[in-house]
Amino acid sequence: MAQRTVLFVLFDAVQSLDVTGPLEVFMGAEQHVPGTYRIRTASLDGAPVRTSSGLTLVPDQALDDPLDAHTLVVPGGQGTRTPDPALVGRLREHGPRAERLVSVCTGAILLAAAGLLDGRRATTHWAYCDKLARDHPDVEVDPDPIYVRDGHVATSAGVTSGIDLALALVEEDLGREVALGIARHLVVFLRRPGNQAQFSAQLAAQTARREPLRDVQRWITEHPEADLTVESLATRASLSPRHFARAFQTETGMTPGRYVDRVRLEHARRLLEDTTDGIEEISRASGYGTPEAMRRAFVKALGAAPAEYRRRFRPAPAR
């Protein structure tokens with residue numbers, strides 16, 4: 001296989017982990033299969049840059065130099081808040097030449113500013129999805145997944161999702177076993193599916209202000225197998241069903257049913273990843289009742305049935 005050049009774009013106030021996380025993945029692949037990747041870094045003028053955390057990164061080259069990048073990686077960070085026109089111009093010039101165009105976190109803002117996301121589906125850090133959609137209406141912004149692939153363009157959400165995306169790209173290039181070896185070395189999951197939500201249910205929902213509603217949130221998380229109908233939860237909160245449903249959505253930002261769905265899905269996923277319990281047992285423990293009900297929920301949310309999800313995402317047993 002021909003060696004692929006992976007070029008990371010650097011700029012002042014870049015988020016260091018947006019660079020080093022994916023870079024470690026590709027470098028790990030090069031160490032597993034020598035001659036696979038050539039890792040390079042470039043700043044606008046080739047000068048060192050200072051990251052948002054105060055680290056200084058010294059690039060290999062300038063963006064003015066000839067580029068032969070197979071994979072062009074644009075990280076995020078505070079430096080994307082007001083994009084440098086010169087940097088955007090370089091991305092507009094060089095981006096279309098790359099066989100793969102990748103952004104991490106708010107690096108998507110730079111790609112969008114360069115017109116490289118027009119007509120494409122993309123994501124970014126949850127806190128900046130609204131801004132991306134507002135400033136670039138030609139981009140179809142999906143705020144939920146941890147990463148999105150649209151043709152040769154791939155965009156990812158917050159810091160660690162850049163690692164997930166890089167592992168997916170390495171798996172695409174070199175196969176699952178190589179990507180698995182890198183994930184084990186870095187002690188990360190191989191690999192979270194791209195359409196996994198950026199938030200767990202507990203993080204996606206706001207914490208209710210009132211104690212009875214907070215108690216209900218905790219109860220749902222601790223007892224996904226219980227009767228979690230609105231009527232039952234309203235009784236636990238000492239509210240009428242109508243009042244409870246309205247108050248829960250107002251204070252958490254999602255309906256009780258949506259919250260329950262997310263908690264049950266997460267619980268089932270953890271059991272599939274971390275235990276050898278059977279599908280029927282997991283479906284009961286997670287509140288689905290039947291394997292078929294759990295299968296429908298998984299296919300709708302993750303695009304894979306429970307058995308397939310377990311096959312793909314449960315770590316292989318240690319030898």
Side-chain angles (χ1 to χ4, degrees), residues 123 125-127 129-130 142-146 157-158 160-161 164 189 192-310 312-315:
T123 194
H125 189 286
W126 62 268
C129 283
D130 286 346
D142 190 339
D144 288 330
I146 59 173
T160 58
S161 63
D164 293 300
F189 289 108
R192 292 187 295 171
N195 56 358
Q196 181 173 316
Q198 293 192 30
F199 285 126
S200 67
Q202 292 80 7
L203 290 177
Q206 305 166 39
T207 300
R209 295 188 302 273
R210 284 180 280 181
E211 185 63 31
L213 296 181
R214 290 200 298 271
D215 286 342
V216 167
Q217 286 181 287
R218 287 193 292 268
W219 171 261
I220 293 171
T221 301
E222 295 168 1
H223 301 88
E225 79 293 347
D227 177 6
L228 301 180
T229 60
V230 168
E231 290 75 16
S232 175
L233 296 175
T235 299
R236 179 166 292 277
S238 300
L239 297 171
S240 71
R242 184 176 180 181
H243 185 190
F244 167 77
R246 183 168 60 248
F248 190 95
Q249 182 165 6
T250 297
E251 296 198 18
T252 69
M254 65 175 65
T255 65
R258 176 68 169 156
Y259 189 82
V260 167
D261 287 345
R262 288 197 174 192
V263 167
R264 283 176 167 162
L265 185 69
E266 287 172 18
H267 188 263
R269 280 185 28 240
R270 284 195 297 271
L271 293 179
L272 287 168
E273 294 170 4
D274 299 337
T275 76
T276 58
D277 295 349
I279 299 296
E280 185 170 353
E281 183 179 356
I282 291 174
S283 68
R284 290 196 303 269
S286 302
Y288 289 110
T290 67
E292 176 58 24
M294 186 168 78
R295 188 195 70 80
R296 289 196 301 268
F298 266 67
V299 170
K300 179 180 179 181
L302 301 175
E308 172 65 10
Y309 180 91
R310 168 173 270 172
R312 293 174 62 192
F313 302 115
R314 184 168 183 262

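Keep in mind the model is a prediction, meaning the values are calculated, not measured.
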- Report the C-alpha separation of L213 and T252 in whole Å, then their side-chain angles, then the decisive distance to 0.1 Å, and conclude whether the side-chain contact (heavy atoms from CB on, under 4.5 Å) test is met. CA-CA 9 Å; L213 296 181; T252 69; 5.9 Å; no
- Query: Going by the salt bridge (Lys or Arg N to Asp or Glu O under 4.0 Å) test, which pairs reach into residues 230-247, not counting sequence neighbours?
  - Reply: none
Which heavy-atom pair separates [X] from [Y] by the least distance, and what is that distance?
X	Y	result
C129	P143	SG-CA, 3.5 Å
V230	P241	CG1-O, 3.7 Å
P212	A237	CB-O, 3.9 Å
P291	S283	N-OG, 3.6 Å
P224	A285	CG-O, 3.8 Å

Give, for atom [atom1] of [X] and atom [atom2] of [Y], the distance between the pair rounded to the nearest 0.5 Å.
X	Y	atom1	atom2	value
I220	D215	CD1	CG	11.0 Å
E266	D261	CD	CG	11.0 Å
I146	D164	CD1	CG	4.0 Å
Y309	I279	OH	CD1	12.0 Å

Using residues 294-307 as the side-chain source, report each donor-acceptor pair under 3.5 Å to any protein atom, sequence neighbours left out, with the distance given to one decimal.
| unit_1 | atom_1 | unit_2 | atom_2 | d |
| --- | --- | --- | --- | --- |
| R295 | NE | E292 | OE1 | 3.1 |
| R295 | NH2 | E292 | OE2 | 3.0 |

- Task: Among H267, R270, E225, find the residue that satisfies the side-chain hydrogen bond (donor to acceptor under 3.5 Å, both in side chains) test when tested with S286.
- Result: H267
- Decide side-chain contact (heavy atoms from CB on, under 4.5 Å) for L233 and L239; before the verdict, give the C-alpha distance in whole Å, the side-chain angles of both, and the deciding distance to 0.1 Å. CA-CA 9 Å; L233 296 175; L239 297 171; over 6 Å; no
- Task: Would you check if the side chain of T123 reaches a backbone N or O of D142 as a donor-acceptor pair within less than 3.5 Å?
- Result: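 Indeed, once roles are kept as given, a pair shorter than 3.5 Å links the two residues.
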- Check: R210 main-chain N/O paired with E251 side-chain donor or acceptor under 3.5 Å: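 Side chain of E251 to backbone of R210, a donor-acceptor pair under 3.5 Å: yes, one is there.
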- Task: Output all residues satisfying salt bridge (Lys or Arg N to Asp or Glu O under 4.0 Å) with D130, sequence neighbours left out; order by chain, then residue number.
- Result: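 Scan of D130 (salt bridge (Lys or Arg N to Asp or Glu O under 4.0 Å), adjacent residues dropped) gives none.
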- Worked check of side-chain contact (heavy atoms from CB on, under 4.5 Å) between F244 and V216: CA-CA 10 Å; F244 167 77; V216 167; 3.9 Å; yes
- Side chains of Y288 and R264: is there a donor and an acceptor less than 3.5 Å apart?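 No, no side-chain donor-acceptor pair sits under 3.5 Å.
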Listed by chain and number, what are the side chain to side chain contact (heavy atoms under 4.5 Å, CB included) partners of [X], not counting sequence neighbours?
X	result
E281	D277, R284
D227	T229, S232
Q249	T255

